[in-house]
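Below: the structure, in structure tokens.
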Amino acid sequence: MQLSKRMQRLASLVTEGNRLADVGTDHGYVPIALLREKRIPSAVAMDVNQGPLARAGEHIRESGLSTYIETRLSDGLLKLEAGEADTVLVAGMGGMLIRRILEGGGHCLHTVKELILQPQSDIHRVREWLYENGYQITAEDIVEEDGKYYSMMRAVHGEERKLRQAELYYGKLDIQRSREVLYSCLQEELLRNRKVMEILKQNGQAGTRRAAEVAESIERISRCCQEAAVLIRTPGRAENGKEVFLV
């Protein structure tokens, strides 16, 4: 079993020695890998669908780890008891679904030490929820795999300063583990937004609400690009040789 780059990076965010609850475990690969590496003592692999859970159970048995990894049919965190896990991992879902899962975990999350989250969309909504519910983001990471970018984060209980809008969308740059990858992601997003703005102008829609939203995105991404360029100490050019957009 070989973890994908995205899953490897998610696994690396889990604190060694923590008991893991993997929500939406799918094949159960992350808890299996962490147990094999002896980085965690036990795990609960959870999924809302019986099919994926059965596949995870089969992989767990084949790995000889049934004693250490329990499979559990659960809608989000509903079947996780207080005190059962130190780390909750929720990955590969839309941001609004992750928010719903976290909101439904009030009965157990107060005993969980850390959250490892990887939203596929609406990432700013997840960071917003963390801030509003007494969590501090202590690590940010991003990985490029098969032409797509995946952002992920670790959060713990604690007071967090109010995040700026750019930080809600792209994270706190000072704790970003992969700044060059984030920079490349920002440049691609900036190019997409500029192309959209050109099309809107060509179609006589420069004064529309949509154009205003795109203009706001361009400004936000541009500022973030400038800050990232300073942090990676490559003024005018990223480490991968791509051009830097400073506006």
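Residues take their numbers from the sequence shown, with the count starting at 1.
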Quiz item: Does the side-chain contact (heavy atoms from CB on, under 4.5 Å) test come out yes or no for Ile116 and Val90, once each step is laid out?
Solution: CA-CA 6 Å; Ile116 310 298; Val90 192; over 6 Å; no
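- Listed for the Glu37 side chain is no donor-acceptor partner under 3.5 Å among the backbone atoms of Arg39.
- A side-chain donor from one of Arg6 and Gln118 sits under 3.5 Å from a side-chain acceptor of the other.
- Nearest heavy-atom pair, Leu186 versus Cys225, reported as atom, atom and distance to 0.1 Å: CB-SG, 3.6 Å.
- Under the 4.5 Å side-chain contact rule for hydrophobic residues, Leu3 and Leu13 share a cluster.
- Glu140 pairs with exactly one of Lys172, Arg127, Arg177 by the side-chain hydrogen bond (donor to acceptor under 3.5 Å, both in side chains) rule, that one being Arg127.
- For the pair Leu109 and Leu115, the minimum side-chain heavy-atom distance is below 4.5 Å.
- Between Glu81 and Arg72 there is no salt bridge, since none of the side-chain N atoms of the basic residue sits less than 4.0 Å from a carboxylate O of the acidic one.
- In terms of modelled atom types and a separation under 3.5 Å, the side chain of Arg179 and the main chain of Asp174 share a donor-acceptor contact.
- A salt bridge links Glu167 and Arg164; the closest N-O separation between the charged side-chain nitrogens and carboxylate oxygens is under 4.0 Å.
- Remark: Arg223 does not engage Glu227 in a salt bridge, criterion side-chain N to carboxylate O under 4.0 Å.
- Side-chain contact check for Ser63 and Arg36: at least one donor-acceptor pair (N or O, by modelled atom type) lies under 3.5 Å.
- When the side chains of ILVMFWY residues are joined at heavy-atom separations under 4.5 Å, either directly or via intervening members, Leu35 and Leu89 end up in a single hydrophobic cluster.
- Between Arg154 and Asp141 there is no salt bridge, since no side-chain nitrogen of the basic residue lies less than 4.0 Å from a carboxylate oxygen of the acidic one.
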Exercise. Quick one: do Ser184 and Tyr149 satisfy side-chain contact (heavy atoms from CB on, under 4.5 Å)? Show the steps, please.
Key: CA-CA 9 Å; Ser184 296; Tyr149 291 94; 3.5 Å; yes
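- Asn49 places no side-chain N or O within donor-acceptor distance of the main-chain N or O of Gly51, the cut-off being under 3.5 Å.
- Proximity of a side-chain donor or acceptor of His59 to a complementary backbone N or O of His27 within less than 3.5 Å is detected.
- Between Glu213 and Arg209 a salt bridge is recorded (basic side-chain N to carboxylate O distance below 4.0 Å).
- Figure legend: Arg9 and Tyr150 shown without cation-pi pairing, the cationic atom not lying both under 6.0 angstrom from the six-membered ring centre and within 45 degrees of its axis.
- Taking a cutoff of 4.0 Å between a charged side-chain nitrogen and a carboxylate oxygen, Arg194 and Glu189 do not qualify as a salt bridge.
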Exercise. Dump the intermediate steps for side-chain contact (heavy atoms from CB on, under 4.5 Å) on Ser222 and Leu190, then the final yes or no.
Key: CA-CA 7 Å; Ser222 297; Leu190 184 57; 3.6 Å; yes
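- A donor-acceptor contact shorter than 3.5 Å is absent between the side chain of Asn193 and the backbone of Ile218.
- Inter-residue side-chain proximity for Val30 and Thr25 is flagged as unmet; no heavy-atom pair is nearer than 4.5 Å.
- Side-chain contact between Glu114 and Thr15: present, with at least one pair of heavy atoms (C-beta onward) separated by less than 4.5 Å.
- No side-chain heavy atom of Thr87 sits under 4.5 Å from any side-chain heavy atom of Lys113.
- A salt bridge links Arg125 with Glu128; the closest basic N to acidic carboxylate O contact falls under 4.0 Å.
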